[in-house]
**Student:** 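Before we start, here is the structure in question, set down as C-alpha cells.
Chain identifiers are assigned alphabetically (A, B, ...) following the order of the sequence lines, protein sequences preceding nucleic acid strands; residue numbering begins at 1 within each chain.
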Protein chains: 2
Amino acid sequence: MVTLKQLAKELNVSISTVSKALNNSEEIGEETVRRVKELAELYNYKPNKVALSLKQNKTKTIGVIIPDILNHFLAKVLFGIEREASKYGYNIITCISNESLDKEKESMHFLANGSVDGFILSLAEETQMKNEVEHFKKIMAQGLPIVMFDRVAHDVMCDKVIVDDFEAIYNATKNLQAKKRKHIAFISSIDSLSVGKLRERGYNKAILEQQTAKPLVLKIKKKDDNQKKIYSFLKKNPEIDAVVAADSASGVIAINAAIKLGLKVPKDISVIGFSSKADSNLTFPRLTTIRQHAKEIGANAAQLLINRLQNKSLEEDVKTIIVKTSIVKSKSTV
Amino acid sequence: MVTLKQLAKELNVSISTVSKALNNSEEIGEETVRRVKELAELYNYKPNKVALSLKQNKTKTIGVIIPDILNHFLAKVLFGIEREASKYGYNIITCISNESLDKEKESMHFLANGSVDGFILSLAEETQMKNEVEHFKKIMAQGLPIVMFDRVAHDVMCDKVIVDDFEAIYNATKNLQAKKRKHIAFISSIDSLSVGKLRERGYNKAILEQQTAKPLVLKIKKKDDNQKKIYSFLKKNPEIDAVVAADSASGVIAINAAIKLGLKVPKDISVIGFSSKADSNLTFPRLTTIRQHAKEIGANAAQLLINRLQNKSLEEDVKTIIVKTSIVKSKSTV
DNA sequence: CTGAAAGCGCTAACAA
DNA sequence: TTGTTAGCGCTTTCAG
C-alpha cells in the first residue's frame with residue numbers, strides 16, 4: 001500500500017501538503033492539488049484505515065454479537081444491521097456466542113480494546129438463564145455504547161429493539177378462538193429464551209381468558225427429536241384443532257405431522273407460527289405466519305447505535321423501540 | 001480506556017518500562033513487574049488494538065464477503081470460518097454482497113486499506129454471470145491473500161475450497177437408477193450459479209449414461225413461486241418416480257407436493273436433496289440429503305488463509321481443497 | 001501557499 | 001535494570 005510519505009517524496013513536497021491536497025484543503029495551490037491527485041490516482045492511494053482510527057480514536061466499526069448465526073431470524077437481523085450500517089460507512093465485526101456466556105464475554109472483551117466503537121447484540125441463552133449482566137455494564141462504563149435486540153437484559157440501561165412477542169401470540173390465539181377453535185395447543189422449542197417465555201405467556205393469557213379452556217403446551221428441548229415429539233403430541237391429543245408455534249420449525253413440522261395423521265389443514269386443525277416467508281412456503285397449505293420484520297429490527301438497532309455514536313454529547317435517555325409483528329394470513333388457518 | 005502512558009505516569013516509570021513489564025520482558029525487575037501488573041489489573045488495562053495493528057502492520061482481522069447471509073449453507077460456512085478464526089485470535093469483518101458485483105467490489109475496496117489482512121469469499125451471482133475477476137487480482141497484487149469457497153473463480157490463482165458438486169449429484173442419480181427408478185427429474189433454483197450448473201451436469205451425465213432415459217429438468221427463477229412451480233411440474237409429469245433437488249427448499253417442497261398429489265414417498269417417488277440436517281427434519285418422511293459439511297468448508301478456508309498470512313515467506317503454490325459431500329440416507333428414498 | 005512538528009498508543013533498538 | 005527515541009500513517013496546528 002502506498003503511503004502519504006511515498007507520494008510526498010516522489011512529488012518533492014511535504015507529507016502535510018499531500019494530505020491537505022487530498023482532503024481538498026483551501027490552503028493548497030490548484031496546480032499542486034492536481035499533481036498530487038494525479039499521482040495518488042495512479043498509485044491507487046487509499047488512506048490507511050488503521051492510522052485514521054488511531055488518530056481519530058474511532059474505528060467506524062460495530063461489534064455484533066449473535067447467539068446463533070444458523071437461526072434464520074438472527075441471520076436476518078444481522079443482514080439488516082449490515083445493510084443499515086454500511087449506508088453510514090460502518091463495518092461490522094461479527095462474533096458468534098453460540099449461546100454461551102463465556103464466549104459472549106470473551107468476544108466482547110476481545111473487541112473492547114479499540115477494535116469497535118460500540119456493540120449490537122442479542123443475549124446468549126446461557127446469559128439469559130444465569131441472568132448475568134456485569135460484563136455489559138463494565139463495557140458501557142468504558143464508554144462503549146450497547147444496543148440490545150430481541151433477547152434483551154432489562155436490568156441494563158441501554159438502547160433496545162424488541163418485538164411485541166407477548167401481544168403477537170396473544171392476538172394470534174385470540175384470533176383462533178374467534179374462529180371457534182376450542183383446543184388450541186402451544187408448541188415451543190425456545191422455552192429457555194426470554195422471548196420464548198413471553199410468547200408462552202401471551203398464549204396462556206388468551207387461553208385463560210376463556211373459562212372453558214385449559215392450556216396445552218409442548219416444550220421441545222434441543223436434544224429432542226422435534227419431528228417425533230410433535231407427531232406423538234398431535235397423535236395423543238386428537239382433540240387439538242389449532243396449533244400456535246413459537247418458532248419456525250415447529251410450525252412447519254406441525255402442519256406436516258397433521259397431514260401425516262390424516263388431518264385436513266386448516267379444516268381439522270389450524271396452524272400458525274413465528275416464521276419468515278421462505279419457510280412458510282415449504283408446506284401445503286402455506287403456513288400462516290407471524291412476521292417479525294427481522295431486517296427492520298436490525299436496521300433500527302444500527303440506527304440507534306450510530307445515532308449514539310455520532311451525538312455522544314447529547315447523552316439522551318435510553319430508548320426502546322418495539323417493532324410490531326404482523327400476521328400474514330395463509331391457507332393453514334381459516 | 002487506560003493507556004501505557006497513564007500507567008507510566010502513575011507509577012513514575014517510563015512508558016517502555018511499563019510495556020516491557022506487561023510483556024514479561026526479562027529486562028525488568030521483579031518488583032517493578034509486580035507493581036506494573038497490579039496497576040494494570042486494577043485499571044483493567046488492555047493494549048489498544050488499533051495501535052498494535054498500526055505498529056505491526058497487521059490487523060488479525062479477516063474480511064469475509066458473503067453473497068447472501070440468509071442462505072443457510074452460506075451462513076453455516078460463515079459459522080465455520082468464525083469458529084476456526086477465533087481459535088487463532090482472528091476476527092471476522094463480514095460484508096454481504098447481496099449477489100451484486102458492485103457491492104462486492106465496493107466492500108473489498110472498502111476493506112483493502114489496512115482494515116483486514118486477507119479475504120475469504122464466495123462469488124456474487126452477478127460476478128459469476130459477468131465473469132469479472134479484475135478486482136480480485138488487483139487486491140491480491142496489493143499483497144492481500146484471498147481464499148475462495150464454493151462459488152470460485154477458476155481464473156484467479158488463489159487458495160480455494162470447493163465441494164464435489166458434480167460427483168455428488170452424479171452419484172445420487174446413479175443411486176436412484178440402481179433402485180430401478182426410471183424417470184428421475186432434476187429441480188433447481190440455483191441455475192445461474194456455477195455450483196448449480198455443476199450439479200445439473202452431474203445429473204445429466206448420469207441420466208445420459210442410461211440409454212433409455214432423457215433428462216427432465218425444472219428450473220426455478222428467483223421471482224417464481226417455487227411451491228406452485230414444483231407442484232405443477234410433478235402433476236404434469238406423473239411418470240416421475242424420483243426427484244433430485246439442487247437446493248434445500250426444492251427438496252422439501254417436492255416431498256410435500258408429492259404427498260399433496262396423493263403419492264407415497266418413497267414408494268411412488270423418491271426425493272433426494274442438497275440440504276442440512278435441520279431442513280431434512282421438516283418433512284414426513286425425512287428428506288434424504290446430500291450434506292455439504294459447510295462448517296468444515298469454512299474451517300478449511302480459514303485455515304488456508306491463516307496459514308498463508310503466517311508463512312508469507314513460503315509463497316507456496318495455491319491449493320484447492322475439495323470437501324467431499326456425503327449422502328445421509330433417510331426415509332424419502334428406498 | 002507550503003512545511004515542520006506534535007501526537008494518537010504501542011514496540012523495540014539503543015543508550016545509559 | 002530502566003529510560004530515550006524513533007517510527008508505524010495520518011491529521012492538524014502553528015510557523016514560515
**Student:** Nearest-Å distance, CZ (R34(B)) to P (dT2(D))?
**Tutor:**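 Checked: the CZ to P distance equals 13 Å.
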**Student:** Quiz question: by atom type and distance under 3.5 Å, do the side chains of D117(A) and T59(A) form a donor-acceptor pair?
**Tutor:** yes
**Student:** Expressed as a whole number of angstroms, how long is the span from L22(A):CG to dT12(D):P?
**Tutor:** 13 Å
**Student:** Considering only side-chain heavy atoms of T32(B), which listed nucleotide, dT1(D), dT11(D), dG3(D), is closest?
**Tutor:** dT1(D)
**Student:** Taking only side-chain nitrogens and oxygens of S14(B), does any of them come within less than 4.0 Å of OP1 or OP2 of dG3(D)?
**Tutor:** yes
**Student:** Expressed as a whole number of angstroms, how long is the span from K49(A):NZ to dT11(D):P?
**Tutor:**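 Taking atom P of dT11(D) as the reference, NZ of K49(A) is at 13 Å.
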**Student:** With rounding to the nearest 0.5 angstrom, report the NZ to CG distance, K46(B) to L111(A).
**Tutor:** 9.5 Å
**Student:** Indicate whether the side chain of N113(A) and that of S115(A) have a donor and an acceptor atom separated by less than 3.5 Å.
**Tutor:**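 Yes, because at least one side-chain N or O of N113(A) sits under 3.5 Å from a partner of the opposite role on S115(A).
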**Student:** Starting at atom CD of Q56(A), determine the distance to atom P of dG9(D), rounded to an integer number of angstrom.
**Tutor:** 17 Å
**Student:** Would you kindly check if the NZ (Lys) or CZ (Arg) of K49(B) is within the cone defined by 45 degrees around the ring axis of F110(A) and under 6.0 Å from the six-membered ring centre?
**Tutor:**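 K49(B) over F110(A) ring: yes.
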**Student:** Write down the distance between NZ (K5(A)) and C1' (dA5(C)), rounded to a whole number of angstrom.
**Tutor:** 15 Å
**Student:** If I take atom CG in residue N24(B) and atom P in nucleotide dA12(C), what distance separates them, rounded to the nearest angstrom?
**Tutor:** 13 Å
**Student:** Go through the side-chain N and O atoms of T94(B) and T94(A) and say whether any donor and acceptor fall under 3.5 Å apart.
**Tutor:**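 Looking only at side-chain atoms, T94(A) and T94(B) do form a donor-acceptor pair, the distance falling under 3.5 Å.
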**Student:** Report the nucleotide, chosen from dT11(C), dT2(C), dT11(D), that has the shortest atom-to-atom distance to any side-chain atom of L4(A).
**Tutor:** dT11(D)
**Student:** Whole angstroms only, please: what is the CZ-P distance between R35(B) and dT2(D)?
**Tutor:** 9 Å
**Student:** With heavy atoms under 4.0 Å as the rule, sort T3(B) into base, sugar-phosphate or nothing.
**Tutor:** sugar-phosphate
**Student:** Please compare I15(A) and E30(B) by the position of their nearest nucleotide in DNA chain D and report the one closer to 5'.
**Tutor:** E30(B)
**Student:** What is the nucleic acid contact for N48(A), judged by heavy atoms within less than 4.0 Å: base, sugar-phosphate only, or nothing?
**Tutor:**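 If one applies the 4.0 Å heavy-atom cut-off, N48(A) turns out to touch the sugar-phosphate alone, with no base involved.
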**Student:** Please confirm whether any donor atom in the side chain of S16(B) sits under 3.5 Å from an acceptor in the base of dT4(D), or the reverse.
**Tutor:**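 Indeed there is one.
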**Student:** K9(B) NZ to dT2(D) P: how many Å, rounded?
**Tutor:** 21 Å
**Student:** Does K20(A) get its side chain close enough to the base of dG3(C), under 3.5 Å, for a donor-acceptor pair?
**Tutor:**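 Side chain to base: pair found, below 3.5 Å.
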**Student:** Closest to the V13(A) side chain: dG9(D), dT11(C), dG3(C)?
**Tutor:** dG3(C)
**Student:** Could a donor-acceptor pair under 3.5 angstrom be found where the side chain of K55(A) meets the base of dG7(C)?
**Tutor:** yes
**Student:** Would you mind telling me which residue lines up with the more 5' stretch of DNA chain C, L52(B) or E27(B), judged by nearest nucleotide?
**Tutor:**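 Counting from the 5' end, the first nearest nucleotide belongs to L52(B).
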